[in-house]
Trainee: 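What follows is a structure written as structure tokens; I'll ask about it next.
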Amino acid sequence: MLKNKTIILGITGGIAAYKAADLASKLTQAGAKVEVIMTEAAMKFITPLTLRNITHRPVVTDMFELASEWSVEHVALAEAADAIIVAPATANTIARLAAGIADDMLGTVVLATKAPVVIAPAMNDLMYSNKVTQENITKLKARGFSFIEPGYGRLASGKMGKGRLPDTPEIIAAIEAALGQKKDLSGKHVVVTAGGTREPIDPVRHIGNRSSGKMGYALAEAARDRGAKVTLISANVSLDAPADVTLVKAPTALEMKKEVEKAVKKSDVLIMAAAVADYQMEIAAGNKIKKESGKNLTLNLVKTPDILGEVKGNFIKVGFAAESENLVANAKKKLTGKKLDLIIANDITKTDSGFDADTNRVVIIDKKGKTEELPLMSKREVADKILDKVKGLL
Ligand code: C5P
């Protein structure tokens with residue numbers, strides 16, 4: 001898989017930089033064309049000469065003195081890359097990449113590339129667990145970067161902790177996974193809804209629900225990574241907008257209906273992961289409702305439209321069913337009632353699954369009633385499983 005692939009190896013200034021020589025060597029032995037970019041700090045730990053002798057290629061160390069092959073334009077490297085691996089990646093480099101800083105060659109190439117980027121962090125355990133670093137990692141993941149978890153072991157400080165650069169075979173496996181990323185949805189337009197709607201009661205209050213939007217956002221990111229054009233219709237979430245996805249805000253059921261109907265006109269797939277309120281105020285109060293002591297308050301609620309049940313067109317329709325009992329039976333009823341191609345039955349009785357969790361436990365049911373029960377996995381993995389099924393129906 002690595003044969004004849006152009007792999008850019010970004011080396012940054014951490015003590016683990018010496019291990020990058022082994023990585024460069026193994027990648028070269030596997031037939032890859034390894035283009036090394038070193039940051040200034042990396043050169044304090046290991047010399048460009050070492051890498052040049054290993055890769056038999058010039059090493060890029062400075063934006064203004066490029067190796068002649070790449071001198072036409074610095075983005076040529078970014079375009080030539082089949083994958084980029086940054087190993088070791090310091091907290092500083094991760095922060096710079098998250099901010100899109102491009103005042104050195106590595107930052108420029110990462111900013112300009114369309115190739116998959118894999119980051120292998122290696123640093124002091126406190127720097128790794130620091131909220132800032134973790135937020136930067138989350139941000140980059142949302143943009144489609146893959147991360148390899150650092151290993152636990154003896155760190156440069158002498159103490160034990162999580163922050164070691166993983167061994168070469170693990171890094172190579174991650175590069176191969178990035179290279180093998182399926183682009184099986186390219187040319188397809190996928191519409192995903194996410195988050196929970198909020199139906200106003202008055203200017204201050206609303207009827208809402210516990211949906212975090214994580215499942216829908218994971219679906220949008222997975223579809224994007226598989227080459228689809230993605231429209232993400234988002235109700236209320238506190239998540240970063242994924243890169244390269246058209247984000248449309250739809251805070252209420254009625255707004256979501258309007259946006260879904262517009263988006264599906266040119267789409268191949270609609271996946272409704274949003275938790276849409278079933279009821280809204282018949283008329284939301286124009287002014288804040290005052291409490292009156294000793295009195296109950298009755299709200300007059302009317303049904304919202306069933307967006308998924310009512311929307312029509314020539315596309316694959318996928319719904320979710322959040323259930324706390326009779327998971328499969330209830331989901332099957334919704335599948336037929338709403339005339340769906342697939343329904344994802346979601347067990348919401350456990351804390352590691354359903355609302356706000358990063359993991360999910362679902363059963364995928366198709367039109368013929370065939371069920372596939374998936375074990376607990378990350379929402380991103382669930383998203384890919386759902387898209388595998390969708391792909392089969394297209
Ligand atoms: O009927 P129930 O609300 O359980 O169905 C869940 C599925 O229907 C989800 O995919 C949800 O996004 C969608 N739905 C909808 N419009 C509603 C309620 C739910 O599209 N008003």
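Everything quoted here is computed from the prediction, not taken from an experiment. Atoms within a ligand are numbered from 1 in the order they appear, just like the ligands themselves.
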Trainee: Just to be sure I'm reading this right: ignoring hydrogens, which of Leu254, Val318, Ile307 gets closest to atom 16 (N) of ligand 1? Compare them by their nearest heavy atoms.
Mentor: Ile307
Trainee: Using the side chain to side chain contact (heavy atoms under 4.5 Å, CB included) criterion, which residues pair with Ile201? Sequence neighbours excluded.
Mentor: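 Residues passing side chain to side chain contact (heavy atoms under 4.5 Å, CB included) with Ile201: Arg205, Ile207, Met281, Ile289, Leu299.
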Trainee: For the 3.5 Å polar cut-off, considering only N or O atoms, please tell me whether Gly319 and ligand 1 meet it.
Mentor: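 Such a contact does not occur with ligand 1.
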Trainee: Taking NZ, NE, NH1 and NH2 as the nitrogens, is one of them in Asp366 or Lys389 under 4.0 Å from a carboxylate oxygen of the other?
Mentor: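 Salt bridge: no.
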Trainee: Under a heavy-atom criterion of less than 4.0 Å, does Pro305 contact ligand 1?
Mentor: yes
Trainee: Applying a 4.0 Å heavy-atom criterion (strictly less than), which segment of Asp278 is in contact with ligand 1: side chain, backbone, both, or neither?
Mentor: side chain
Trainee: Using a 4.0 Å cutoff against the non-hydrogen atoms of Met272, which atoms of ligand 1 qualify?
Mentor: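 Those atoms are 9 (C), 10 (O), 12 (O), 20 (O).
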Trainee: Ignoring hydrogens and geometry beyond distance, is a side-chain donor-acceptor pair present between Thr50 and Thr47 at under 3.5 Å?
Mentor: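 Yes.
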Trainee: Determine whether any heavy atom of Ala277 lies closer than 4.0 Å to an atom of ligand 1.
Mentor: yes
Trainee: Short N/O distance, under 3.5 Å, between Thr193 and ligand 1?
Mentor: no
Trainee: Flag Gly309 as yes when one of its N or O atoms lies below 3.5 Å from any N or O atom of ligand 1, and as no otherwise.
Mentor: no
Trainee: When rounded to the nearest 0.5 angstrom, what distance separates OG in Ser157 from CD1 in Ile15?
Mentor: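 Nearest 0.5 Å value for the OG-CD1 distance: 11.5 Å.
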Trainee: Show the nearest heavy-atom pair for residues Asp225 and Lys183, with the distance to one decimal.
Mentor: O-NZ, 2.9 Å
Trainee: Identify which of Val311, Asn346, Val276 has a heavy atom lying nearest to atom 19 (C) of ligand 1.
Mentor: Val276
Trainee: N/O to N/O below 3.5 Å, does that happen between Ala274 and ligand 1?
Mentor: yes
Trainee: Is ligand 1 less than 4.0 angstrom away from at least one heavy atom of Lys338?
Mentor: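 Heavy atoms of Lys338 do come under 4.0 Å of ligand 1.
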Trainee: Below 4.0 angstrom from a heavy atom of Thr304, which ligand 1 atoms are there? Numbered from 1 as shown, please.
Mentor: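 In order of numbering, the contacting atoms are 21 (N).
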Trainee: According to salt bridge (charged side-chain N to carboxylate O under 4.0 Å, His left out), does anything in residues 313-323 pair up with another residue at least two apart or in another chain? List the pairs.
Mentor: Glu323-Lys334
Trainee: Can you name the nearest heavy-atom pair linking Asn360 to Ser353, along with the distance?
Mentor: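 Here Asn360 and Ser353 meet closest at OD1-OG, 3.3 Å.
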